[in-house]
Number of protein chains: 2
Amino acid sequence: MKDIRRRLIELFKNGYCTPRIARIARELQEPSTTIHYNIKRMEIEGLTKAYKAVFDYKKIGEGFCTYVLISLSPDEYGNPERVGRELVRFPQIESIDIITGDWEMLLKVRTKDIEEYYEFVKKALSKKGIVKTKSLSSLRQLKTEFVKVD
Amino acid sequence: MKDIRRRLIELFKNGYCTPRIARIARELQEPSTTIHYNIKRMEIEGLTKAYKAVFDYKKIGEGFCTYVLISLSPDEYGNPERVGRELVRFPQIESIDIITGDWEMLLKVRTKDIEEYYEFVKKALSKKGIVKTKSLSSLRQLKTEFVKVD
DNA sequence: TTCATGATTGAATATTATTCAAGAAATATA
DNA sequence: TATATTTCTTGAATAATATTCAATCATGAA
């Protein structure tokens, strides 16, 4: 058998979907050409960044979700984006924010389990500039990416 | 003019998109019927929960993003899901997690600005059971919903 | 009012999703 | 091991959908 699923999941994580114009037109009771026109305008103007899938992450082997608070070394305070941009490429990272408060950065990370999370931490969070981290693991998700789950 | 955009944004937040089968088939060099079959199976088995859009949230008037740590009263420790389920319905909430550590719950909230956030806090976080909160505002997002932004 | 720009829409066309039936591959059962 | 059963793959045909185009309408500026 071909492992189509694994490849589909990768594609769906950040794209390869598209609006259902005909269905939207029925829902909003407007002509499909009007819907089409508006969707294209929103894309051109950059309101929409991507069309993607939301998964039952447990079922795709990414059931372990952790929020990571990050403290940067003083010489990185002026440029937290540098560290952030290095992290963007890690597929386990769902979101990266530079934040107010006692910590400089907040990540949301998805892995299979705690072992895989440990591997991620060793690889990704040993960057120059990161001096301290604190992990908050999710015991249960009720909503993610605006979608009600569970 | 009809305000189509506002309505499209609402629909796109948690659905009304669909996989681009033909495009995926070209990308993966597989017959489109094989792709179709696998996508449907993933939907039936519940691997995929929704197909939706990711926005430039600043451009759709939701530029202010805040993570909210929540502490529950001792009599809610045994049932944090009760509070969580009450919060699910708020459209400003992107994610809800029950977490390990000093706090019981973590929300990700999107509003237009700090004023609208304040309105949200008054309405949503005055629930019985919530005894303390701490807001970490996002100064800059580098990645959200697995999609690189900015 | 007139003009320019952007939004809405129906009709025609191009592209795509879906169904169906047949066969191949994997798995279960004897 | 043989055989049955289930799941997966695939091409051909059809149904549904997206897209293009040109005309019309609405809006705001000059």
Side-chain angles (χ1 to χ4, degrees), chain A residues 1-63 91 112 145-149, chain B residues 1-63 91 112 145-149:
Chain A
M1 294 288 117
K2 306 175 174 180
D3 191 10
I4 305 280
R5 286 185 178 200
R6 186 51 39 193
R7 293 196 280 162
L8 285 176
I9 290 167
E10 285 319 303
L11 293 183
F12 282 156
K13 261 197 195 152
N14 33 39
Y16 286 89
C17 296
T18 191
R20 298 186 58 173
I21 295 176
R23 196 168 186 286
I24 293 165
R26 279 193 297 273
E27 175 77 22
L28 299 185
Q29 304 262 52
E30 303 286 351
S32 67
T33 44
T34 301
I35 300 302
H36 181 270
Y37 175 84
N38 278 277
I39 288 173
K40 291 305 157 193
R41 293 248 31 140
M42 287 167 70
E43 291 170 5
I44 289 163
E45 294 173 28
L47 274 71
T48 38
K49 303 289 286 182
Y51 306 106
K52 54 155 285 177
V54 176
F55 299 100
D56 182 326
Y57 290 94
K58 207 173 291 175
K59 289 187 180 164
I60 66 166
E62 300 183 21
K112 182 175 168 44
E145 294 153 87
F146 290 106
V147 177
K148 184 179 181 305
V149 288
Chain B
M1 295 287 119
K2 304 176 174 181
D3 191 9
I4 304 281
R5 286 185 178 202
R6 186 52 36 194
R7 293 195 280 163
L8 285 176
I9 289 167
E10 285 318 304
L11 293 183
F12 283 155
K13 263 200 194 150
N14 33 40
Y16 286 89
C17 297
T18 192
R20 298 186 59 173
I21 295 176
R23 196 167 186 285
I24 293 165
R26 280 194 296 273
E27 175 77 21
L28 299 185
Q29 304 261 53
E30 303 285 352
S32 67
T33 43
T34 301
I35 300 302
H36 181 268
Y37 175 85
N38 278 277
I39 288 173
K40 291 305 158 194
R41 293 252 25 147
M42 287 167 70
E43 291 171 4
I44 289 163
E45 293 173 29
L47 272 73
T48 36
K49 303 288 287 182
Y51 305 107
K52 55 154 285 177
V54 177
F55 300 99
D56 183 327
Y57 290 95
K58 207 173 292 175
K59 289 186 180 164
I60 65 166
E62 302 184 19
K112 181 174 169 44
E145 295 154 86
F146 290 105
V147 177
K148 184 180 181 305
V149 287

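Chain naming here is simple, since letters A, B, ... match the order of the sequence lines and numbering starts at 1 in each. Below, all heavy atoms of this structure are taken into account, side chains as well, without hydrogens, waters or symmetry copies.
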Could you give the angle between the helix axes at the two ends of the helix from C:dT1-D:dA30 to C:dA30-D:dT1, with five pairs per end, rounded to 10 degrees?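 Roughly 50°, once rounded to the nearest ten degrees.
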I'd like a table of donor-acceptor pairs (distance under 3.5 Å, sequence neighbours excluded) in which one partner is a side-chain atom from residues 39-54 of chain B, with atom names and distances.
from  : atom 1 : to     : atom 2 : distance (Å)
B:K40 : NZ     : B:E43  : OE1    : 3.4
B:R41 : NE     : B:E45  : OE2    : 3.2
B:R41 : NH2    : B:E45  : OE2    : 3.0
B:E43 : OE2    : B:Y51  : OH     : 2.7
B:E45 : OE1    : A:R5   : NH1    : 3.1
B:E45 : OE1    : A:R5   : NH2    : 3.3
B:E45 : OE2    : A:R5   : NH2    : 2.8
B:K52 : NZ     : A:E145 : O      : 3.0
B:K52 : NZ     : B:K13  : O      : 3.3
B:K52 : NZ     : B:E145 : OE1    : 2.8

Is the phosphate of D:dA18, meaning OP1 or OP2, less than 4.0 Å from a side-chain N or O of A:H36?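 Checking A:H36 against D:dA18: no side-chain N or O falls below 4.0 Å of OP1 or OP2.
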Residues which pass side chain to side chain contact (heavy atoms under 4.5 Å, CB included) with B:A25, listed by chain and number, not counting sequence neighbours: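 For B:A25 the side chain to side chain contact (heavy atoms under 4.5 Å, CB included) partners, ignoring immediate neighbours, are B:S32, B:I35.
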With sequence neighbours excluded, what pairs up with A:P91 under the side chain to side chain contact (heavy atoms under 4.5 Å, CB included) test?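 For A:P91, no residue satisfies side chain to side chain contact (heavy atoms under 4.5 Å, CB included) once neighbours in sequence are set aside.
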In whole angstroms, how far is the [atom2] atom of [N] from the [atom1] atom of [X]?
X     : N      : atom1 : atom2 : value
B:Y16 : D:dA18 : OH    : P     : 14 Å
B:I24 : C:dT16 : CD1   : P     : 12 Å
B:K40 : D:dC8  : NZ    : C1'   : 17 Å

Here's a test of your reading of the structure: between B:R23 and A:R41, which maps to the more 5' nucleotide of DNA chain C?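 Taking each residue's closest nucleotide, the earlier one in sequence belongs to A:R41.
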Which sits closer to the 5' end of DNA chain C, A:E45 or B:S32, going by the nucleotide each is nearest to?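 So the residue in question is A:E45.
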Determine whether B:T34 and A:I4 make a side-chain contact, defined as any pair of heavy atoms from C-beta on separated by less than 4.5 Å.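 Touching, per the 4.5 Å side-chain cut-off.
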Under 4.0 angstrom, heavy atoms only, what part of the nucleic acid is B:R20 near: base, sugar-phosphate, or nothing?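 It contacts sugar-phosphate atoms only.
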Only counting residues at least two apart or in another chain, list the ones meeting salt bridge (Lys or Arg N to Asp or Glu O under 4.0 Å) with B:E27.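 Result, salt bridge (Lys or Arg N to Asp or Glu O under 4.0 Å) vs B:E27: none returned.
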A:K2: salt bridge (Lys or Arg N to Asp or Glu O under 4.0 Å) partners, not counting sequence neighbours: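 Counting only residues at least two positions away or on another chain, A:K2 forms a salt bridge (Lys or Arg N to Asp or Glu O under 4.0 Å) with B:E30.
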Sugar-phosphate or base contact per nucleotide [nucleotides 10-16 of chain D; S, B, -; heavy atom under 4.0 Å]: BBB----
Contact list (N/O, under 3.5 angstrom) for nucleotides 21-26 of chain C vs protein:
from   : atom 1 : to   : atom 2 : distance (Å)
C:dA26 : OP1    : A:M1 : N      : 2.9

Not counting sequence neighbours, list each pair that qualifies as a ring pair (Phe, Tyr, Trp, His ring centres under 6.0 Å) and has a residue in residues 16-37 of chain A.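 Listed by first then second residue: nothing to list.
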